[in-house]
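What follows is a set of notes on a single structure, which appears directly below.
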Amino acid sequence: METYRTHYSKDVTKDYFGKNITVAGWVEDIRNIGSLAFVILRDRLGTLQITAFKKKHPELFDMLVNITRESVISVYGFCKQSDKARNGYEIIPEEVKILSLAETPLPLGVVDKVESELDTRLDNRFIDLRKPELQALFKIRNEIISSVHNYLRSENFIEVHTPKIIASSSEGGTDVFRLKYFEREAFLAQSPQLYKQTLMATGLDRVYEIAWYFRAEEHNTRRHLNESTAIDVEMAFIKNEEDVMKILENLVYNMWKKASECKEELTILKREINLPNLPFIRLTYDEVLKLLNKNGYDVKWGDDLTTEQEKILGDIMQKKGHEFYFITKYPLESKPFYTMPDGEKLSRGFDLECKGMELSSGSQRIHDKELLEKRMKACGLDAAQFESYLKAFRYGIPPHGGFGFGIERFIMELLDIQNVRECILFPRDRNRLTP
RNA sequence: GCCCCGGUAGUGUAGUGGCCCAUCAUCCAAGCCUGUCGAGCUUGGGACUCGAGUUCAAAUCUCGGCCGGGGCGCCA
């Protein structure tokens, strides 16, 4: 055996029928029929069948039927055309190498007929991830990220990486993780907000980051993580938040479109993806209140929407044919300090919602230092804590805006997944720190 | 931070005071079977989260710990 693998399961075409090849992967199942046995081998692309005959190779036969499930093997053998086998061929083994023998019993079945709980699955995530539907999910995630790079770069954004260990909490409000930084205290960044804004003072003009968010909130829900990923975008020389929203909706459209092209993966996941129509509808906060009040929900002006109200709005909009919609012109009070005011009470902040779930939050930002300091004060923040951020506003900074966009939540909505923990490889939540 | 709920073989479950040295499936082990593909059949194996209490009797009731799930608030 010169190499452990010459072909993946799905790469074996007619041309190889009648020839010898080498395949490798995980032993998914062994069906011993007596004098012949079938071994189902799984690799990244799918499964294939190895068929062994007791009479032909008694030793190989015994070896194969005694391997434990989920062991890793490499098999050199004759590739025989067969209508009875999956993929139209089977491998008649001539040499088998056990590369890694799996212990029994498995802590989690890969193809067992019983489902396992999410907690058990996450405790054994490396086995859980062997399931084709999970591999499909993360392959789609990969494609989506690739479309983010393609789209934003085509719009002249450059990818940046900002620090995750920071000296002060980025925006106030959200709880942040504290850590020891030599003799000082430091924090894990809850978002790249202050850094991407600072970059607007450099002339790079358009930046984006696939960023980690760390949030120390003690929530325990299907849609919160303490460590999550996001697409963070910031752009300069905008006229207003509408310029930002245009980029965001095109980005989402491109991501959605790319996902819809993952036919094989979507088949495995039994999902269909319909493309949304551009542009997404814009609802002002005032219009949202009217809609909700008309439907019997008494929301006072200035209040944030509760989770229930958000869902109702999602239902109303879906009935009207809008899965995606922007909510614009939020009350200034409910938006963070860096949000550009629009008159006395309103702001230039917006949310992008999908079926009642907030996917993205953005705004035009304040670029005037005096106004920024005034807003910080109004929000109860100490400007002195933000000196290095404020400095960027003293020596020339253009009007700008941007958004943050949660990747896991997006995948939840895209693939109709009920728990956000499914959408990240190794989730961090209130209780989970391993694996 | 507040509020609900749960913990039974490796996995997933049934069992709400005695009928339980605990059900079923899956799984694991041994065996039979020359075309399996949710293989089939036979036999066997394996569990009540921990501690204290109530009771003649606890998987079952009470309290506490540990572990987990969900909702709200907040947010992505």
key: For V75(A), the option from I92(A), V23(A), T22(A) that meets side-chain contact (heavy atoms from CB on, under 4.5 Å)   = V23(A)
Complement of [N], any strand, by Watson-Crick or G-U distances under 3.5 angstrom:
| N | value |
| --- | --- |
| C20(B) | none |
| A9(B) | none |
| C2(B) | G71(B) |
| U34(B) | none |

request  = Start with the C-alpha gap between F326(A) and F350(A), add the side-chain angles, then the distance that decides, and say whether ring pair (Phe, Tyr, Trp, His ring centres under 6.0 Å) holds.
outcome  = CA-CA 7 Å; F326(A) 283 107; F350(A) 59 84; 5.7 Å; yes
key: Base of G68(B) paired with side chain of D119(A) (donor-acceptor, under 3.5 Å)   = no
Checking all strands, does [X] fall into the base, sugar-phosphate, or nothing category for heavy-atom contacts under 4.0 angstrom?
| X | result |
| --- | --- |
| E218(A) | base |
| T120(A) | sugar-phosphate |
| K55(A) | base |
| N32(A) | base |
| R421(A) | sugar-phosphate |
| E117(A) | sugar-phosphate |

request  = Nearest whole angstrom, please: distance from the C1' of G73(B) to the CD of E217(A).
outcome  = 9 Å
message = If you count heavy atoms of other groups shown closer than 6.0 angstrom to CH2 of W256(A), is the number above 12?
response =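 Counting neighbours around CH2 of W256(A), more than 12 heavy atoms of other residues, nucleotides or ligands fall under 6.0 Å, so yes.
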key: Heavy-atom pair of closest approach, residues L106(A) and R69(A)   =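 For L106(A) and R69(A), the tightest heavy-atom pair comes out as CD2-O, 4.1 Å.
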inquiry  = If you only use heavy atoms from C-beta on, which nucleotide in G35(B), C28(B), A39(B) is closest to the side chain of K80(A)?
reply    =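 Output: G35(B).
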